[in-house]
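Contents: one structure, followed by commentary.
Ligands are counted one by one from 1 in listed order, and the atoms in each one are counted from 1 as well.
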Amino acid sequence: MDRGKFIVFEGIDGSGKGTQINLLVEEMKRQGRTVYQTAEPTNSVTGGILRDALGGFTDRTAYEMSAMFLLDRIFHNSNKINGIKQFLERGIDVVCDRYYYSSFAYQGIDADLKWVMDMNLNCKEILKPDLCIFLDIDSQSSDERIAKNRLEREIYEKKEMQERIRKRFLEVFGILKDSENVKIVDASRSIGEVSGDIIKIYNEFKGEV
Ligand code: ADP
């Protein structure tokens, strides 16, 4: 049996990851694939500590956040109940909302970027995605989407911060251009236009692998 495909979505908050993941997963299932949809942080104990910190309920340094995301990611890959690896080995595709690129973009601002990248990219228990789709949007537009739909904000969800994170994502994709398969999609357009591009990227990706 062929190994499943591991697809990751990245983008600043409000870029449309949740919306587009649902649409791609629907299309993949329509094409007959079995898909496991997942997200980081996970529902592990560490994921709970991370969510507390992201919500601003507890204070953590960028180094603590980086280390906890690493731990949560190892769990996400390797645990026997719903770990990414065992799904892929069973031929099931995995689509994940955020992965190590988010650690580079978010924690790589206040913690040492090389340290954050090295510990994720060199960890044998953390798989490299087969495809990363980056939903690129300016922070003004994503901020308007968040403002329309949510009353509370996470610690990183300030407009100025989001613009820095977007730039850091693009910088990181430049550094990784020869080693990671990243497709950048203009996410400021309508849901249908963005989805059309993503499905095209997915169909081409399937043809290549
Ligand atoms: P993320 O998961 O990246 O935070 P979401 O998919 O939750 O983003 O989208 C944030 C909000 O913006 C949601 O209310 C969603 O309905 C809306 N939204 C998503 N994509 C678009 C789009 N292309 N145009 C306008 N609004 C969108």
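Residue L23 belongs to a hydrophobic cluster whose other members are I191, with links defined by side-chain heavy atoms closer than 4.5 Å.
For the ring-ring contact (aromatic ring centres under 6.0 Å, His included) test, no residue two or more places apart in sequence or in another chain qualifies with F9.
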Only distances under 3.5 Å count here; give the side-chain donor-acceptor pairs of residues 111-118 to other protein atoms, sequence neighbours excluded, each with its distance to 0.1 Å.
| unit_1 | atom_1 | unit_2 | atom_2 | d |
| --- | --- | --- | --- | --- |
| D112 | OD2 | W115 | N | 2.9 |
| K114 | NZ | D118 | OD2 | 2.7 |

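R30 and E27 are joined by a salt bridge, as a carboxylate oxygen and a charged side-chain nitrogen come within less than 4.0 angstrom of each other. We find that K206 and D93 are not joined by a salt bridge, their nearest charged nitrogen and carboxylate oxygen being 4.0 Å or further apart. R166 has no carboxylate O lying under 4.0 Å from a charged side-chain N of D138, or vice versa, which leaves the two without a salt bridge.
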Quick one: ligand 1 N/O to protein N/O pairs below 3.5 Å?
| unit_1 | atom_1 | unit_2 | atom_2 | d |
| --- | --- | --- | --- | --- |
| ligand 1 | 2 (O) | G18 | N | 3.0 |
| ligand 1 | 3 (O) | S15 | N | 3.3 |
| ligand 1 | 3 (O) | S15 | OG | 3.4 |
| ligand 1 | 3 (O) | G16 | N | 3.0 |
| ligand 1 | 3 (O) | K17 | N | 2.9 |
| ligand 1 | 3 (O) | K17 | NZ | 2.8 |
| ligand 1 | 4 (O) | G14 | N | 2.9 |
| ligand 1 | 6 (O) | G18 | N | 3.3 |
| ligand 1 | 6 (O) | T19 | N | 2.9 |
| ligand 1 | 6 (O) | T19 | OG1 | 2.6 |
| ligand 1 | 8 (O) | G16 | N | 3.1 |
| ligand 1 | 14 (O) | N149 | OD1 | 3.4 |
| ligand 1 | 14 (O) | N149 | ND2 | 2.9 |
| ligand 1 | 23 (N) | R145 | NH2 | 3.3 |
| ligand 1 | 23 (N) | R189 | O | 2.8 |
| ligand 1 | 23 (N) | I191 | N | 3.3 |
| ligand 1 | 24 (N) | R145 | NH2 | 3.3 |

